[in-house]
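Working notes for the structure below.
On a predicted model such as this, the values are computed, not experimentally measured, just so you know. Every chain is numbered from 1 and lettered A, B, ... according to where its sequence line falls, protein lines coming before strand lines.
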2 protein chains.
Amino acid sequence: MKLQQLKYLLAIVDNGLNITAAAERMYTSQPGVSKQLKLLEEELGMQLFTRKGKSLGNITAAGHQVIERARIIMREADNIRSLASDYYQEEEGSLSIATTHTQARYVLPEIVAEFRKRFPKIGLNLHQGTSEQIADMISSNDIDFAIATGSNDLFGDLMLVPSYRWDRSIVVPKDHELTKLDRKITLQDLAQHPLVTYVFSFGGQSSLKRAFEDQGLEPDVVFTARDADVIKTYVRMGMGVGIVASMAADCSDRKDLAVIDAEGLFPRSTTWIGFRKDAVLRRYMVDFIRLFASHISAHQLDDIQRAGSQVDIDKLFKTADLPIRGACEEGVTAAA
Amino acid sequence: MKLQQLKYLLAIVDNGLNITAAAERMYTSQPGVSKQLKLLEEELGMQLFTRKGKSLGNITAAGHQVIERARIIMREADNIRSLASDYYQEEEGSLSIATTHTQARYVLPEIVAEFRKRFPKIGLNLHQGTSEQIADMISSNDIDFAIATGSNDLFGDLMLVPSYRWDRSIVVPKDHELTKLDRKITLQDLAQHPLVTYVFSFGGQSSLKRAFEDQGLEPDVVFTARDADVIKTYVRMGMGVGIVASMAADCSDRKDLAVIDAEGLFPRSTTWIGFRKDAVLRRYMVDFIRLFASHISAHQLDDIQRAGSQVDIDKLFKTADLPIRGACEEGVTAAA
DNA sequence: CGCGTTTACGTCGTTCGTAACGATA
DNA sequence: TATCGTTACGAACGACGTAAACGCG
């Protein structure tokens, strides 16, 4: 059994049991991959795949078990390389982050800027997707960090470091009648207008719908998007009242939109940064976490890396201590 | 990075940083091992060991981390081989068990006999030691199972399947005055005689000393051994009153010794069989567990293998349901 | 000078890529 | 016939073992 055989095995699996595609991905010849697979199966004395004629048909039951172990092995091999890189190539490497649009567009820019200043040679990859897609990416692909909100169940294998909390904001055209209320806005007020907001499958956001239901209200959602910019565009067109994360209610929007704080109307959300508990974090990765979750002390972060599970982490923080990010407050995170 | 380089690395570490010894253990030449270590260090770009002249001095800080990961990798590689063996060599393999004298001498014989009948081709290795030695063996060596009593803290990384509970028995010469009591024996009675019992460091047995202390008694322990046979020998010599595990009070002993049940005098102990949670159990290993912990259903055992931690296992059983092994009751486990 | 490691070198086995072949839809 | 996997073969590489040199106590 060789590491490369396991690597090829995983490449085959990750390319839909297509050996040719796997070979291309590994920058090697197809017969080589084919042969190594055969050698591995011979050494183990078992079939890892069923064959359909000459093509690979399916993964055998035993094959699944082997693949699972092979992934652990490759992961730890990567970890060893990671450890080593930290010693002689401190400022070289790359950082892949999977996150949602709101984070990528409104929260990360200033953090990324600071990070690039400190580590100019580190390549940064930003992968955008829904919570589900992020969960997929981090479990299969080579993603270092996930940054998202809520939905702890989707990310059970990750260590989640909470960063900040946030509420929703209501976004309407400047002359909208909701701007003329002389009292705090209520859900009843909102229910009387057509709403434009995030798609509900969007991690944790369905709590929005439930907030209405809890008061026996039926919100009139006319349009959903997964992108705050799209929502604001439609609000500008007068299609309805927008409900977005407060971070997405940018200062620049205030020129032609009115932003009403919706604190208290909906449950407060917590955004975190997560990483695989079996991953070795390179120095610049730890620094990124500290940038993103700036209230975390170096000492606490050490504890987290030693913690065995998410539950352990929860004991290390009081959620109430997390900063709250509001609308149009630049530099909150960087300044802390 | 090659699997063999990692294997050599671990061999070097496990042989006290002596490359020559490591090479012998791996049945290969010494320069080969030396060279592979060098290649590995070159590829990683870091020193895994400090050098004292030409010899290896110590493991570097980073080296420790690499070694830790390398162990995981080798373990999973073994697991893959294990999985494979289960498919085409069902009845070949070996089973290494670390346990205490009492188990090896009085409990395991009938189980081993049954196991050998079912799996005549499986090699059986019985390693005997104190709880501490057993803990050492299973964490470093290639031991499949640990069988012991109490001391959960020593075996935190293991999955512990409880098998049975037991009490102590008092062993005295047939005409001893303790045999003439017409009431149940008490700790006070015992405290008035010289005692012969297990060494206290012997896992969980120090609870014996505490039982006396809790009643303000000072036991007069004249002799300790880690071996029930030795204890009984000295009891026969009239050196004192023996306190042994009830399983060790054999039927054959009754010819010249009187056995008094000490149930209730000391806390009841639970004996379990433990295995590494990251180990793949071959079919015959699962069967061994079922032989040893015969009250466990196949379904429960499946659940255990899927469980993530010792805590999860504890939820699967009621300790109160475990059988109690008494003195001189042959075939209890086999018959259940 | 013994012990242990490294260097040097020849041998042998393995991997890899190219090219040709076989099977499948 | 296009796609995908296997077989065949020669070239390059890498691992291994023997023999010898080196450093340290």
For [Y], is there any backbone N or O sitting under 3.5 Å from a side-chain donor or acceptor partner on [X]?
X	Y	value
Q5(A)	K2(A)	yes
R51(B)	S55(B)	no
N15(A)	L17(A)	no

Whole-Å distance between dG13(C) C1' and K2(B) NZ?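 Going from K2(B) (NZ) to dG13(C) (C1'), I get 13 Å.
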Interatomic distance, Q30(A) CD vs dC21(C) C1' [rounded to whole Å]: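 Rounded to the whole Å, the gap is 13 Å.
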Do F288(B) and Y284(B) have their ring centres less than 6.0 Å from each other?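 For F288(B) and Y284(B), the ring centres are not under 6.0 Å apart.
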So if I take every side-chain heavy atom of [X] and compare against [options], which nucleotide ends up nearest?
X	options	result
R51(B)	dG5(D), dT6(C), dT7(C)	dT6(C)
Q36(A)	dC16(C), dC16(D), dC4(D)	dC16(C)
S34(B)	dG17(C), dT6(C), dC16(D)	dT6(C)

Counting the atoms with a prime plus P, OP1 and OP2 as sugar-phosphate, which does [X] contact under 4.0 Å by heavy atoms, base, sugar-phosphate, or nothing?
X	value
S29(B)	base
K35(A)	nothing
T20(A)	sugar-phosphate
F49(A)	nothing
I12(A)	nothing
L39(A)	sugar-phosphate
L17(A)	sugar-phosphate

